[in-house]
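This report refers to the structure that appears directly beneath it.
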Amino acid sequence: MDLNKILKGHALDVLKTLPECSINTCVTSPPYWNLRDYKTNPVLWNDGWTGELGAEPDFNLYINHLCDIFDEVKRVLKDDGTCFVNMGDTYGGSSLNCSYAVKTKGKTSFLKDVDHLQKVGHARGKYDKSLLLIPFRFAIEMQNRGWTVRNVIIWHKPNAVPASVKDRFTCDFEYVFFFSKNKKYYFEQQFEPFNPLTYKRKFDDMTETKAKYFQGLGKRKQFLFHQKLLNNELKGRNMRAVWHIGVGSSSKCGHIATYPEKLIEVPIKAGCPENGVVLDPFIGSGTTAAVAEKLNRKWLGIELNPEYIKFAEERLNHE
Ligand SMILES: C[S@@+](CC[C@H](N)C(=O)[O-])C[C@H]1O[C@@H](n2cnc3c(N)ncnc32)[C@H](O)[C@@H]1O
């Protein structure tokens, strides 16, 4: 398999051409439902619907399309493979992009009739002003299709754009879902500094005396911990699941929805050994590839919009 390149096409079709059990980890951010137009050509889905991913008339259809793609991701992942998916939520009723499906003579067409939509609860009415909880619906469907959900990571954005809303709180975070293909998987533990308050207390608490105390009690684990603390040998504590990472400016890299390099450094380090392969089926401006290269990992990208591919290739050559 040729690596360190972007394959042009619809993720579902391209993934089907890749060999099974060949990728270490997948790190990606798909188009969100009903949010942006990436100007990609309409594609044909397993259920017969044709259109862009994210432009489905109903979010359940979107989740099925997305999970059909991740079924293929699962197939190409090694048995100890993992998958990290960044996704944000959407409010219902903010746009009336919803329609309903009618099947006539085996052909499905989509109609917009607000009264009918209210009855079936897909437009203004049932979901108006409500968070649609799409990331969680997606994660539950992934679980139904056999993935193990290991973490819901909160990506807190300290510099999130202020919102003009006054009747709810401003949303300043997105999610990164961490899935594994099987119960046993490759994972390099990640550390963060100890909480300075507890750390200081542990020191002020006469570490040496405490080590001796635990030794006296035969508590080997605690004894070793205090010894290591004393000798500055500890890497820190196990990394927590709320990550504070600022959003960068998308305009600089010619793509409307890039994620920051910092967001995916930890997933790549944790999920892929050096010289292993990172996959991004929605690679956009090539952020995943840029970070994988910096961290000495191989990568494989898929992208449907040729403009973005050109852009990502220029970025990667430049870097
Ligand atoms: C949220 S963006 C990813 C941005 C990327 N993480 C970055 O930092 O640049 C989603 C990308 O998926 C691409 N895309 C949309 N539908 C696709 C499909 N069916 N197959 C492959 N790529 C698709 C879009 O063109 C867009 O570049």
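Both counts, for ligands and for their atoms, begin at 1 and track the order of listing.
For Phe187 and Phe178, the ring centers are positioned less than 6.0 Å apart. Taking the centre of each ring, Phe177 and Phe136 come in below the 6.0 Å mark. For Phe70 and Phe179, the ring centers are positioned 6.0 Å apart or more.
Proximity of Tyr127 to Leu132: side-chain heavy atoms (C-beta onward) are separated by under 4.5 Å at one or more points.
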Starting from the N and O atoms of ligand 1, collect every protein N/O partner closer than 3.5 Å and put each pair on its own line with the distance to 0.1 Å.
residue	atom	partner	partner atom	Å
ligand 1	8 (O)	Tyr259	N	3.1
ligand 1	8 (O)	Thr287	OG1	2.6
ligand 1	9 (O)	Ser285	N	2.8
ligand 1	9 (O)	Ser285	OG	2.7
ligand 1	19 (N)	His10	ND1	2.9
ligand 1	20 (N)	Ala11	N	2.9
ligand 1	22 (N)	Leu304	N	3.4
ligand 1	25 (O)	Glu303	OE2	2.5
ligand 1	27 (O)	His255	NE2	2.8
ligand 1	27 (O)	Glu303	OE1	2.8
ligand 1	27 (O)	Glu303	OE2	3.4

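Remark: the His10 side chain and the Asn41 side chain contain no N/O donor-acceptor pair separated by less than 3.5 Å.
Contacts of Glu192 classified as side-chain hydrogen bond (donor to acceptor under 3.5 Å, both in side chains), with partners at least two apart in sequence or in another chain: Arg237.
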